[in-house]
There are 2 protein chains.
Amino acid sequence: MTKPAPTVRELIRQHYSELTQSERKFAQALLENYPAAGLASITIVASSAEVSTPTVARMVQKLGFKGYPQFHQALRSELEAKGSGPTKRREKWAAEAPDSHLLNRFAQTVTRNIEQTFSNIDTGSFDAAVAQLADTEHQLYVVGGRITRSLADYAFTHFQAVRPKVTYLTASSATWPHYVLDMAAGDTLLLFDVRRYEANLERLAELAAERGVRLILITDQWASPIARVAHFSFNCWVEIPSAWDSNTSTMMLLEALIAATQEACWPETRDRYERLDALFDLTRLFR
Amino acid sequence: MTKPAPTVRELIRQHYSELTQSERKFAQALLENYPAAGLASITIVASSAEVSTPTVARMVQKLGFKGYPQFHQALRSELEAKGSGPTKRREKWAAEAPDSHLLNRFAQTVTRNIEQTFSNIDTGSFDAAVAQLADTEHQLYVVGGRITRSLADYAFTHFQAVRPKVTYLTASSATWPHYVLDMAAGDTLLLFDVRRYEANLERLAELAAERGVRLILITDQWASPIARVAHFSFNCWVEIPSAWDSNTSTMMLLEALIAATQEACWPETRDRYERLDALFDLTRLFR
DNA sequence: CCTTGTTTGGAAAAATCTTTTCACATGGGG
DNA sequence: CCCCATGTGAAAAGATTTTTCCAAACAAGG
């Protein structure tokens, strides 16, 4: 069984009575700004607590560390543990299944990907991209790669319901130039490109960018080369222990964009949904 | 007025397109364990990200720092500012965004859906369904509804890579009888049907069931009527505060099925992937 | 006022870390 | 197929940090 590894904070409390005056001065400074005040070099840390370097060195040894680097390392480990701590780790996902069941392992990995994806979104860019997607004055084009084509398709289906002037660039890249023909400055192109990145897509992005089209790129954590010319790019963590990549986080980000766009386009969108429903009812009558 | 001093996270996003491959590798490592992963010495940080020391040194200069110590200092300042801020640290998804931001609300709802979905999966059925999907003796058909068509398409793309004998039933339900013609007992039909449930799909399911085809249904929490004739059904929680349903949990379940099927079909699947890669390389040569 | 034991910080030596240089590797373009 | 541009890491050079040592300062008791 492994020992619980006491935190530096606990160690200080524990050894406080043995500490000398200067050492206590440093201990106070550290506790008042924990743990940041202990993460610099010993010289900086010492001078900002207004004690000498050897005082700090002696003290960390009293706490049981071999030297300052070990003390430093301990603080960092604590911080790291804390970083992954607040995220409520679900032990088991599928009810009565062991942790080792593929379902649980898969759920854990993908959840981690989702967390990473969302915590790395810049809300400013997100809002700006949504404003772009909600600009119904201009055309919105959607395109995806070999795998992400399905996501582009999903995006198209929903955006078409949310707003007018949406065009889906078909899977066959041979026809893409036809679409570029009609692209105008101010239009928006929503691209999906996860590895392995496709040269055709990149070329399309360049052509569109040259014509003043605003590019919104949804890519993976390693970033497609298109990121260079895109106005907004969003990175999705997609890696799973498998021969292919998981697009659950991609899907979730896409849906977030759709939800935000819908909100931005309200109430015109509500009107569209009502008309759409009416149309579905009509097709049912015909049958 | 002092400048807002961008965080290192922001700097990385901002300069991401200029970064080289190894630099990105380090950037990823840092983002995944932020900021602890950047608070050690440059040598330690570099080796734990599996890049060389100069790579890190060059990168921090690209970010605008004079050297590694300045970068280190910036990270510590951020940490310090965070620690002295409001102690009430609620779980946030998008960094530095208020809880009320759509992104965070959306993430919370969808995460709840995912939890519900996965904790309600019966692992026995899951394993049995996977065995069915991995049965390469028989044909596998995939079909989806108006919205879930994209998911069916995604499923098709991946299952086609994993195993032979996979057929995608096109969007146009008028042609579905043609496919039914060739369905045989023991074949598998993977159906997606979330509300609003489609009569065409139900009719197709009945026809297939009559012919001894095994039905695997992926539906929503309220269950499509097809569940009555399906051999396995999986319910995905899809409700979000919106006019449409979220299919992130559906996507995740689908990917879990693909991952499990891939594992069940190994090593034939590996062989297929290798051949697929070779074919892609060939098409690149043609261009 | 002296003595003794302890604490403290300056300074130098030792160790470590950071930066720069340079040669090799890699991959795209002619 | 070769060449060139760019990216990468090994290693040396330089800078900093960590540690050790020691003398000065200090407090308490005789």
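All chains are named by letter (A, B, ...) in the order of the sequence lines, taking the proteins before the strands, and each is independently numbered beginning at 1.
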key: Residues A:T170, A:T175; criterion side chain to side chain donor-acceptor pair (under 3.5 Å); working and verdict   = CA-CA 8 Å; A:T170 49; A:T175 66; 3.1 Å; yes

Between NZ of A:K25 and C1' of C:dG9 the distance, given in whole Å, is 12 Å

Open item on the list: Within a 6.0 Å radius of atom CD on A:Q21, are there more than 12 heavy atoms belonging to other residues, nucleotides or ligands?
Closed with: no

_Mind checking if B:T43 touches a base, just sugar-phosphate, or nothing, with heavy atoms under 4.0 Å?_
base

**Item:** Side-chain (A:D187) to main-chain (A:V213) donor-acceptor, under 3.5 angstrom
**Value:** no

B:I42 atom CD1 is separated from C:dT18 atom C1', nearest whole Å, by 6 Å

Next on the checklist: Closer than 3.5 angstrom, by distance alone: can the side chain of A:E10 be matched with the main-chain N or O of A:T7 as a donor-acceptor pair?
Outcome noted: yes

From CD1 of B:I44 across to P of C:dT16 the rounded distance in Å is 11 Å

Under the side chain to side chain donor-acceptor pair (under 3.5 Å) rule, what do A:T188 and A:Q132 come out as? Steps first, then yes or no, please.
-> CA-CA 7 Å; A:T188 308; A:Q132 188 71 38; 3.0 Å; yes

Whole-Å distance, B:Q70 CD to C:dT19 C1', equals 12 Å

Atom NE2 of B:H72 and atom C1' of C:dT19 are separated, to the nearest Å, by 16 Å

From the list A:T219, A:I216, A:T148, A:I226, side chain to side chain contact (heavy atoms under 4.5 Å, CB included) with A:L191 holds only for A:I226

The correct set of residues in residues 45-61 of chain B placing a heavy atom under 4.0 Å from DNA chain D is B:S52, B:P54, B:T55, B:R58

note: A:E18, atom CD; C:dT7, atom P; distance rounded to Å ~ 11 Å

Would the distance check show the side chain of A:N247 and the main-chain N or O of A:T250 forming a donor-acceptor pair, the cut-off being under 3.5 Å?
no

Closest non-hydrogen contact found for A:A37 with A:V45 is O-CG2, 3.1 Å

- Task: Applying side chain to side chain donor-acceptor pair (under 3.5 Å), run through B:Y168 and B:Q160 and close with a yes or a no.
- Result: CA-CA 9 Å; B:Y168 177 61; B:Q160 200 179 28; over 6 Å; no

Chain A reaches DNA chain D, atoms under 4.0 Å from its heavy atoms, from D:dT17 to D:dT20

Rounded to whole Å, OH of A:Y68 lies from C1' of C:dA15 at a distance of 16 Å

